[in-house]
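Worksheet: one structure, shown below.
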Amino acid sequence: MTPRKYDISNDVTLWTRNDELSSFSNVADTCNLSKDVNLQKKGVSTEAQLYDPYDYGNQQKSTSFWETVFHLYMISSGPALLSIPKNFMAVGYVYGCLLVCLIFLYYWYAMRMITNVEYTLCKLKRQPKMTYAETIYTAFDEGPAQIKWFAPYSSIIIQILYCVTWIGSLNIVLAGENLQISLQNSYHTYFSVSQCILYIFVPLLLLTLIHRLKYLVPASVVGSGIVAVCIITVLYQGLADPSSLRMPPAFGNISEIPTCLAAILFTVNATGLMLPLKNEMKTPKSFNSNFGVLTVSFFPMTLLYLLFNMLSSMKYGSSLKSSVIENLPEDSVLAQIIIFLFAVSLVLQYPLITYVVFDTIWNNMMVQKRKTMKTPLFWEYFTRIMILLVSFIIAYGIPNINVFMSISGTVGTATDSLIFPALAETLVKRKMGCHGLRMVVNYVKNGCIFILAVILIVVGLYNCIVEIENTYDSHKE
């Protein structure tokens, strides 16, 4: 699918500083070309060499540096964070801490890599910005003739990954589990997770029918605030009574590493949102600089993940449940209110999460069909309701959060955060004339990333099948 093009017919006079040709040779570290490389022989025009995408962005209603840091922090510290401690405990704190540090380190590197690639491609195409899907599409389209045919399919794959990752079934299952605990503690009667999932269908349907994004934002803000309160409450529970803390096992079950890896990857992953965040900044250059938004955001987030999971493991040990918020004292009225509010927050956040899926289907996959629709509003509501029904049926049939984390955290993340960035960087470096030892190093590095991604996909799919079997076995019992 051909990405949307930007109209830059009203370009102002391009800069003519003497250092601009050399600045393109090390375009945001995308390819450290030697000065003697003739870019024009590679099909790179002089205009593209002089063009700087940062000079042509829309500066209206742009976000500041710290606003972008806050947005990124909120995206990567969502409700799924509360589901990591059980997996962290299962692998032991040594493996757990190592996984957290390695994932954040690689993700920081991968996001710098994809933003650098986008910047280079924007210079080549002389357009101010690209989405993630457009970046991958253009990387293949500008690549060797043998692989140009894959460009449209890359966009389709990314759109499918968005739908799989943001379908919202995880929110529904988590909401059902917390509602189950709240009802059981209040009425002292057994409620199944599937039964509680049915109870939240009507609220989800009503929220889904709100088709204006601006009306969904306040609900999401309230939901994010409740999640933040839940995280603070868990941290407070661990710090308020240090005598109750016990050191968890240093090394756990190695077979649980894929599940823990999937949980962390799922929570951290926000690949498709990185470029929009950068492009909406007043100073997009500062997004991936050495001390830019990525560095300033990811370092404290790494510490938060380590502190949160260590304290949860030390506080609750082997009794940790699928969401640590479920471990709060049953005899505490405040704790039960927080558990119920957490379920409410998950319901409130659902429509904004699935908006990514709706936008992908409605504004990309169905963009041509919409031109011939006589009643587009009816079909818009129909699309929204079908997204809800699909995610609801999946959650009701497989009420196991590890299943969704395995699919989205390994299969989804391995593809959009490992495979595509590595391929795009390699293609862009070839386009820009990198050769010799640098290109060999690039092939080796990205080849290792590709192999790791394939392993993650295979292990993730296997783990997903095992979790589905365990879910149905527990239902039979």
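Remember, predicted model here, so these are calculated numbers, not experimental data. One is the number of the first residue; the rest follow in order along the sequence. Heavy-atom basis, side chains included; hydrogens, waters and symmetry copies ignored.
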Under the rule for ring-ring contact (aromatic ring centres under 6.0 Å, His included), what residues qualify as partners of F65, not counting sequence neighbours?
none

Any chance CZ of F150 has more than 12 other-residue heavy atoms, nucleotides or ligands included, within less than 6.0 Å?
yes

Heavy-atom pair of closest approach, residues P203 and V347
CB-CG1, 4.1 Å

Show me the donor-acceptor pairs within less than 3.5 Å that the side chains of residues 303-314 make with the rest of the protein, sequence neighbours left out.
| residue | atom | partner | partner atom | Å |
| --- | --- | --- | --- | --- |
| Y305 | OH | S76 | O | 2.4 |
| N309 | ND2 | Y305 | O | 2.6 |
| S312 | OG | F308 | O | 2.8 |
| S313 | OG | N309 | O | 2.9 |

Looking only at non-hydrogen atoms, find the nearest pair between C260 and L99 and report the distance.
SG-CD1, 3.9 Å

Sort out for me which residue in K374, K369, M373 forms a side chain to side chain contact (heavy atoms under 4.5 Å, CB included) with W379.
M373

Does CZ in F201 sit with more than 12 non-hydrogen atoms of other residues, nucleotides or ligands closer than 6.0 Å?
yes

Under 3.5 Å, is there a donor-acceptor pair between the side chain of E118 and the main chain of M130?
yes

Should we say atom CZ of F340 is surrounded by more than 12 heavy atoms from elsewhere, each under 6.0 Å from it?
no

Give me the atom names and distance for the closest heavy-atom approach of I136 to I114.
CD1-CD1, 3.9 Å

With side-chain contact (heavy atoms from CB on, under 4.5 Å) as the test, would you mind laying out the steps for M274 and Y107 before giving the verdict?
CA-CA 11 Å; M274 289 297 174; Y107 204 72; 3.9 Å; yes

Would you check, one step at a time, whether the test side-chain contact (heavy atoms from CB on, under 4.5 Å) holds for M386 with I361?
CA-CA 11 Å; M386 288 304 298; I361 295 174; over 6 Å; no

Centroid-to-centroid, F251 to Y95, below 6.0 Å?
yes

So, the side chain of E177 versus the backbone of V193: is there a donor-acceptor pair under 3.5 Å, distance only?
no

Nearest heavy-atom neighbours spanning A422 and M113:
N-CE, 4.1 Å

Strictly distance-based, threshold 3.5 Å: is any side-chain N or O of R112 a donor or acceptor partner for the main-chain N or O of S289?
yes

When you look at F88 and L320, which way does the side-chain contact (heavy atoms from CB on, under 4.5 Å) test go after all the steps?
CA-CA 10 Å; F88 186 92; L320 275 166; over 6 Å; no

Looking only at heavy atoms, the pair that brings I200 and G176 closest together is CD1-N, 4.5 Å

Keeping the roles fixed (side chain from N288, backbone from M111), state whether a donor-acceptor pair exists under 3.5 Å.
no

Run the side-chain contact (heavy atoms from CB on, under 4.5 Å) check on L161 and I157 step by step: do they pass?
CA-CA 6 Å; L161 288 174; I157 292 173; 4.1 Å; yes

Give the ring-plane orientation class for Y106 versus Y109, where under 30° counts as parallel, over 60° as perpendicular and anything between as tilted.
tilted

